[in-house]
Amino acid sequence: MSALRPHQLGLCRACHQFIKPLERECPHCGANVLRAALDYQERHDMATRAAQDLNALLAELGLVSPHS
Amino acid sequence: MSEPVRYLSPEDFDRPHPVHAVWELTLACDLKCNHCGSRAQKARPDELGTHEALDVVRQLAKLGCREVTLIGGEAYLRKDWTTIIAAIRQAGMKATLQSGARNLTRARIDAAVEAGLQAIGVSIDGLAEIHDEIRGVEGSFDRALEALAHCRDRGLDISVNTQIHSKILGDLPAMLDQFIALGVKSWQVQLTVAMGRAADNDEVLIQPYQLLEIMPLLFSLFEKGRAHGLLLIPGNNLGYFGPYEAHWRGGEDHTHFIGCNAGQNTLGIEADGTIKGCPSLPTSVYAGGNVRDLDIEKIWNESPELAFTRNRTTADLWGHCQTCYYAEVCKAGCSWTTHTLLGRPGNNPYCHYRALQLDARGLRERIVKVKQAPGLPFDYGGFELVEEPKDSPAAPVKKAGHTRLPVLA
Ligand code: SF4
Ligand code: SF4
Ligand SMILES: [Zn+2]
């Protein structure tokens, strides 16, 4: 990578502040960065599944198109 | 919406070239703003002629520039401004305008649209009373809103630029409501900088510790704006990181402030052909050459005054910024803001993260003017930084020539 490209930071999924890429413990909130990322992913997946289920149900009831 | 041509790709970083040029077409201005960094009023005595200006357009296109923003003074006070807009478009670049809009009449807007103008940002620094006071002309707020409405009706992308100065805080929520009603899609906010007339009238500057109050206020406006289709954009000198950075600077992509871009992908041109790495930088220190003497390409490639951010490292930082967690990425933020305040870049008290860190230790930072600016366009005076207990009594009303306070930072 070119030396001129800017550094890209990561995000602590517990406090949503930027952290250096190899950080294990968030310097801002003290969270375990990996644990927070896994928890976030789990919550994100659950929310995505819930939205899909709701969409399917509405489609079954004829309230929205299955592709909307 | 037109293409976001200003967005920078990894390749743009690999090969510094002026993606966005900001061009002061003339220093002539019909407002009398008491925070104007360039002290605009009369045209410079030796502004570029039409042929020279058209050659600048040609050179910018050759360098790979993608957007040219015309500023002033007021760009529309030049008779050939629409000729230049048309040339920018014919050369394949985006043409945009930044204006105070006091006399940006329907006829002028129509002519600019016919020439190919694609977007406009209008400067609005408060509701009517405060805006007119700051801009020095009664009725200028109403004229600015009228111009915005006509630009919207003519299909231009309309945005508002606002300076955060000491008198505006109470007006901000009502300003947002007005902009939403007007159909404004983006609102860029930036701090008033201690340059030109703002260095003379330093009571307009906010104190660094006020960021603790200002940032949550702006973020609440960001959230309200987003719910109504208006994007509040924190400007490059509204620093940095802290709890809101991931939400409002990067949006979905979680990008963040990546340091000053002057001379990397940004170029500034003064009306007499002086070239700088950013239009706002003080001329005395950052003028890299003049188009009357050298090609822009040569100035861009060879002038140290334009290259100063390309090789900047944490070794160039000082004060709090030198030891900051974000030093490698941020490199003390906006060079214009820091140089004009403290006489050199590399240490920036206008930073939310920094203000929060100090607050947690029971401290705050305050600026105190110690030197008048000489009175030239894009000049600056001198300020000292005072670090003090956060419950210190309110700062005295600032007057030039007051007692010097100790420098602690
Ligand atoms: S303290 Fe300085 S280096 Fe750190 S984030 Fe703020 S401006 Fe940037
Ligand atoms: S000096 Fe400030 S405004 Fe200019 S490019 Fe750098 S960060 Fe942006
Ligand atoms: Zn955290």
Side-chain angles (χ1 to χ4, degrees), chain A, chain B residues 7-17 19 215 219 223 236 239-266 306-314 323-331 333 351-354 356-357 360:
Chain A
M1 189 179 95
S2 148
L4 288 165
R5 285 194 194 181
H7 294 264
Q8 193 61 50
L9 297 170
L11 201 58
C12 167
R13 290 298 185 177
C15 68
H16 288 271
Q17 296 207 54
F18 284 104
I19 53 175
K20 293 176 187 169
L22 298 179
E23 214 70 83
R24 301 172 88 150
E25 185 179 297
C26 175
H28 310 300
C29 72
N32 177 317
V33 171
L34 185 61
R35 181 76 255 153
L38 290 171
D39 287 351
Y40 173 84
Q41 193 58 46
E42 204 172 299
R43 285 197 307 275
H44 182 266
D45 291 350
M46 270 169 58
T48 307
R49 277 197 302 274
Q52 284 166 348
D53 290 350
L54 182 63
N55 239 0
L57 184 65
L58 291 172
E60 250 179 63
L61 296 171
L63 296 174
V64 289
S65 125
H67 304 296
S68 65
Chain B
Y7 287 4
L8 299 175
S9 69
E11 292 72 31
D12 287 327
F13 288 107
D14 293 345
R15 183 179 66 88
H17 66 115
V19 170
M215 298 299 262
F219 190 68
E223 294 205 296
N236 278 348
Y240 299 100
F241 297 97
Y244 310 128
E245 185 83 0
H247 301 276
W248 65 2
R249 217 178 293 266
E252 298 299 311
D253 298 333
H254 299 306
T255 51
H256 49 77
F257 184 75
I258 52 172
C260 172
N261 193 257
Q264 294 188 49
N265 302 104
T266 307
L306 269 81
F308 70 99
T309 66
R310 296 177 205 161
N311 312 313
R312 185 178 274 172
T313 70
T314 50
T323 56
C324 171
Y325 179 74
Y326 294 112
E328 268 189 350
V329 182
C330 173
K331 296 186 187 130
C351 168
H352 193 202
Y353 177 69
R354 172 166 163 163
L356 285 166
Q357 297 256 304

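Letters A, B, ... mirror the listed sequences (proteins, then strands); counts begin at 1. Here the structure is a predicted model, which is why all the values come from computation and not from measurement.
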Could you give the distance from CD (A/Q8) to CD1 (B/I258), rounded to the nearest 0.5 Å?
8.0 Å

Working to the nearest 0.5 angstrom, can you tell me the gap between A/R5 CZ and B/S9 OG?
8.0 Å

Only pairs at least two apart or in different chains count here, so list each salt bridge (Lys or Arg N to Asp or Glu O under 4.0 Å) that has a residue in residues 38-61 of chain A.
A/R35-A/D39

Could you look at B/Y326 and say if it's the side chain, the backbone, both or neither that has a heavy atom under 4.5 Å from chain A?
side chain

For chain B, which residues from residues 10-29 of chain A lie under 4.5 Å away (heavy-atom distances)?
A/L11, A/R13, A/H16, A/Q17, A/F18, A/I19, A/K20, A/E23, A/P27, A/H28

